[in-house]
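All values below come from the heavy atoms of this structure, side chains included, with hydrogens, waters and symmetry mates left out.
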Amino acid sequence: MVPEADRAKRPTRTSVWLEGKPAGRGRRSENSDHPAGLDRDRITAVSVRLLDTEGPAKFSMRRLAAELGVTAMSLYWYVDTKDDLLELALDSVFGEVRVPDMTDEDADWRDQLRELTTSYRKVLVRHHWVSPLIGRYLNIGPHSMAFSAAVQAVMARTGLAPHSRMGGLAAVFQFVYGFGTIEGHFVQRCADAGLTQDEYFRQAMGAFSEQPRFQESFGDADELMEARGGDTVAEMRQRDFTVAIELLIAGIETMRERDRASAGSHAEAENGPRDPSGDGAQD
């Protein structure tokens, strides 16, 4: 445990969006000679590329500076720490999520939810380093906030009672987070092994089938795989994702009707049953 005196000297870091340097050109002085053409947007873009190709374990201020062709000290004109870079990179990739037009009053919330979940999953897979950072930072950058606002707006359109909306949001997007995280790590593992996803899958299943201790557990695997459908790992995974999202949508619809029925029962208990004639008279 960190002593209280040390915590006072080193306050807990919050977010680059709250305490970092200005987004433009960082601090300046008349004697500065930091490289021309270097700005936070370029630094962030190169950070994302390095994280995609080399992973977070190898990412450092020194490695980034080498890629940019500058000294590591030059980066401190624009960011204070490596955490700042990671947080900026994380928000940048959230900008890749396709956010539906929330001003379209005629749009079906189901289609908007499908669009959001599909796009979010693609980001998690495309950038395998993102998932652990989502829980590490506050996610209050502009792109993260736009995504969050869209998620909440779609959930409000479902008709769920206010007390159920956060549960519905958690059910849907925690599922997508888990699904996309596992898929992203699998894709990266296949790439590291120099195999396609189908090659890796065939090798793994072949190894399982040759081990007697796994035969009972995987005895029904062939039947399940046939029922699952799809000729490739990508097709099978897409089918699983689609079915899961449709199950979640059906669950939201069921919960919405339950909420409405519950609200009606409470109103009837407080005010008495409504007269079938519609004149509001009570029995």
Side-chain angles (χ1 to χ4, degrees), residues 48 52 89-131 133-135 137-187 197 224-225 227-264:
V48 170
D52 284 344
L90 176 61
D91 188 70
S92 175
V93 299
F94 263 106
E96 299 174 18
V97 178
R98 289 186 56 186
V99 175
D101 180 8
M102 301 313 300
T103 65
D104 184 358
E105 297 296 334
D106 296 325
D108 190 319
W109 66 265
R110 300 163 188 81
D111 292 334
Q112 292 180 322
L113 191 65
R114 294 182 186 106
E115 181 178 357
L116 268 175
T117 54
T118 297
S119 187
Y120 182 37
R121 170 195 168 197
K122 288 180 179 178
V123 166
L124 291 167
V125 175
R126 189 182 304 127
H127 307 288
H128 62 281
W129 50 271
V130 161
S131 55
L133 298 187
I134 290 175
Y137 300 115
L138 293 180
N139 301 311
I140 56 173
H143 295 120
S144 299
M145 293 297 287
F147 172 68
S148 179
V151 167
Q152 293 181 55
V154 170
M155 198 56 60
R157 288 186 172 185
T158 64
L160 281 173
H163 68 268
S164 296
R165 288 177 194 165
M166 290 307 295
L169 187 153
V172 174
F173 287 94
Q174 291 293 342
F175 158 72
V176 179
Y177 173 86
F179 192 100
T181 296
I182 293 172
E183 180 180 1
H185 286 301
F186 178 76
V187 170
Q197 294 181 58
L224 288 173
M225 294 299 292
R228 187 185 195 187
D231 295 326
T232 67
V233 170
E235 289 173 354
M236 289 186 290
R237 190 185 292 117
Q238 181 58 47
R239 181 181 179 86
D240 291 345
F241 184 81
T242 299
V243 170
I245 293 299
E246 295 307 310
L247 285 170
L248 288 165
I249 288 174
I252 290 172
E253 293 172 331
T254 299
M255 182 63 76
R256 177 189 61 196
E257 297 309 313
R258 185 182 299 175
D259 285 345
R260 289 175 177 172
S262 178

Discussion item. Classify the ring geometry of Phe175 against Phe241: parallel below 30°, tilted from 30° to 60°, perpendicular beyond 60°.
Written reply: parallel
Taken in chain and number order and not counting sequence neighbours, the residues that satisfy ring pair (Phe, Tyr, Trp, His ring centres under 6.0 Å) with His128 are none
Salt bridge (charged side-chain N to carboxylate O under 4.0 Å, His left out) filter on Asp104, not counting sequence neighbours, yields none
Considering only NZ, NE, NH1 and NH2 on the basic side and carboxylate oxygens on the acidic side, decide whether Lys122 and Glu96 come within less than 4.0 Å. no
TODO: Answer yes or no: is there a side-chain heavy-atom contact under 4.5 Å between Arg126 and Val123?
DONE: yes
* Asked: Do Ile245 and Val176 come within less than 4.5 Å of each other through their side chains, counting heavy atoms only?
  -> yes
Asp111/Arg114 under salt bridge (charged side-chain N to carboxylate O under 4.0 Å, His left out): CA gap, chis, key distance, verdict
CA-CA 5 Å; Asp111 292 334; Arg114 294 182 186 106; 2.8 Å; yes
### Query
Would you find a donor on one side and an acceptor on the other, under 3.5 Å apart, between the side chain of Tyr177 and the backbone of Ser131?
yes
Side chain to side chain contact (heavy atoms under 4.5 Å, CB included) with Phe147: of Asn139, Leu116, Asp91, only one passes, and it is Leu116
So CG of Leu247 and CD1 of Ile252: to nearest 0.5 Å the spacing works out to 11.5 Å
Notebook entry, point to check: Does Ser144 use its side chain to pair, donor to acceptor, with the backbone of Ile140 at less than 3.5 Å?
Noted result: no
Met102 meets the side-chain contact (heavy atoms from CB on, under 4.5 Å) criterion, sequence neighbours left out, with Pro100, Gln112, Ala153, Val154, Arg157
Q.
Side chains of Thr118 and Arg121, heavy atoms from C-beta outward: is any pair under 4.5 Å?
A. no
